[in-house]
There are 2 protein chains.
Amino acid sequence: MGSFENLEYNSLLLSFKDLLKNNNLKFTKQREVVLKTLYEKDGHFTPEDLHNLLKSIYSGLNIGIATVYRTLNLLEESHMATSLSFGVAGKKFELANKPHHDHMICKNCGKIIEFQNEKIEQLQLDIAKKNNFKITSHLMQLRGLCATCNTNN
Amino acid sequence: MGSFENLEYNSLLLSFKDLLKNNNLKFTKQREVVLKTLYEKDGHFTPEDLHNLLKSIYSGLNIGIATVYRTLNLLEESHMATSLSFGVAGKKFELANKPHHDHMICKNCGKIIEFQNEKIEQLQLDIAKKNNFKITSHLMQLRGLCATCNTNN
DNA sequence: TTACTTGCAAATGATTTGCACGTAT
DNA sequence: ATACGTGCAAATCATTTGCAAGTAA
């Protein structure tokens, strides 16, 4: 149960291979390109986005969307990826190789801005403690308009 | 575009009727019992939860789940209700008649604990300002184990 | 009377799953 | 050789929508 923060691709790949081995899962080309593309493109993708991207980058590899879902779920369960929920509109996944951060999401253009705030994190822990609640994860999203969309409206 | 904080049922009902009138919508028994039950039960409900509840409380009224969805969406768009997203597992709705608050959600028993923290709200505004981001809403959820579940595991 | 509403069932859209074939170990 | 993995298509699940009949104003 290690942390994947600040790992470069080769280390992530080794972690992934370990994870697979420890669970009697196999290292396949499909699983590899999902990890690799999430790392190289460094963004927030829906399974469909990523599937389209993979089909265009690896046109020789016939990868199905079910496999993309399966791999993203595997990465998320193993804490190598995290997801942002958009309700009915689905989820966006990102690799968990960066330090913990939260998100501002533009309702107009969909832009996602990452931020990180130590004071808020500490206040959350204080609140949890006061309620005898043991935090395992948290979710903080600010929704609204990014600088560009706010100006152009 | 008023606030619905701290309103008692009669005031909420008046606000709802105004809202309907202003949009050429009609005041129906179905819409009334959705609002009334959200108020009286004062909890967090999935559309399905609420539908079951309504069928048992108002057994004479034949209410369909589509109407429950339609009414909850109407209440949410009008800011008389808010929802918590549970990804693929759907949403839970609550009436917006209480001051703004966030939620701790127990992953084990599903219990939802409400909390409110002024300092965090202010820090969020500061962060947004620094990024020229205009917040229209925010989402903060702490996930983990409530006191009971943490003790019994 | 004139819209707007409703329940129903069918449609939708994201995600999951069964299965026969393919492949990493 | 023996699992496990894959693509495909069908299934699932929450939610939305078209429609004919009902009802508020």
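Below, chain A is the first sequence line, B the second, and so on; all start at residue 1. As the structure is a prediction and not an experimental result, all values here were calculated from the model.
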message = Going 5' to 3' along DNA chain C, which are the first and last nucleotides with any atom under 4.0 Å from a heavy atom of chain A?
response = C/dA14 to C/dT25
What is the distance from [atom1] of [X] to [atom2] of [N], rounded to the nearest Å?
X	N	atom1	atom2	answer
B/N52	D/dA14	CG	P	12 Å
B/F45	D/dA14	CZ	C1'	19 Å
A/L19	D/dG5	CG	P	11 Å
A/N73	D/dT6	CG	P	13 Å

task = Could you say whether B/A89 or B/K26 is positioned toward the 5' end of DNA chain D, judged by the nucleotide with the nearest heavy atom to each?
result = B/A89
request  = For B/L25 and for A/Q30, find the nucleotide of DNA chain D with the closest heavy atom, then tell me which residue's nucleotide is more 5'.
outcome  = A/Q30
message = Please determine whether any donor N or O and acceptor N or O are separated by less than 3.5 Å between the side chain of B/K91 and the base of D/dA14.
response = no
task = Output the distance between atom CD (A/E77) and atom CG (A/L72), rounded to the nearest 0.5 Å.
result = 11.0 Å
task = Please determine which of A/I63, A/T46, A/N52, A/L53 meets the side chain to side chain contact (heavy atoms under 4.5 Å, CB included) test together with A/V68.
result = A/I63
message = For D/dT23 and B/T28 - does any side-chain N or O of the residue sit under 4.0 Å from the phosphate oxygens OP1/OP2?
response = no
ask   = Are any of the side-chain heavy atoms of A/F4 and A/L75 separated by less than 4.5 Å?
value = no
task = State yes or no: are the ring centers of B/Y39 and B/Y9 separated by less than 6.0 Å?
result = yes
Ignoring hydrogens, what is the shortest heavy-atom contact between [X] and [Y]? Give both atom names and the distance.
X	Y	result
A/D102	A/H138	OD1-NE2, 3.2 Å
B/R31	B/F16	O-CE2, 3.6 Å
B/S83	B/K91	OG-CD, 3.7 Å

ask   = Does the pair B/D42 and B/K98 meet the rule for a salt bridge (Lys or Arg N to Asp or Glu O under 4.0 Å), with working shown?
value = CA-CA 10 Å; B/D42 184 31; B/K98 288 184 282 191; 3.3 Å; yes
ask   = Going by heavy atoms closer than 4.0 Å, what residues in residues 54-70 of chain B are next to DNA chain C?
value = B/N62, B/I63, B/G64, B/A66, B/T67, B/R70
query = Which is it for A/E121 and A/H100 under the side-chain hydrogen bond (donor to acceptor under 3.5 Å, both in side chains) test, yes or no, and what are the steps along the way?
reply = CA-CA 10 Å; A/E121 305 285 318; A/H100 169 74; 3.2 Å; yes
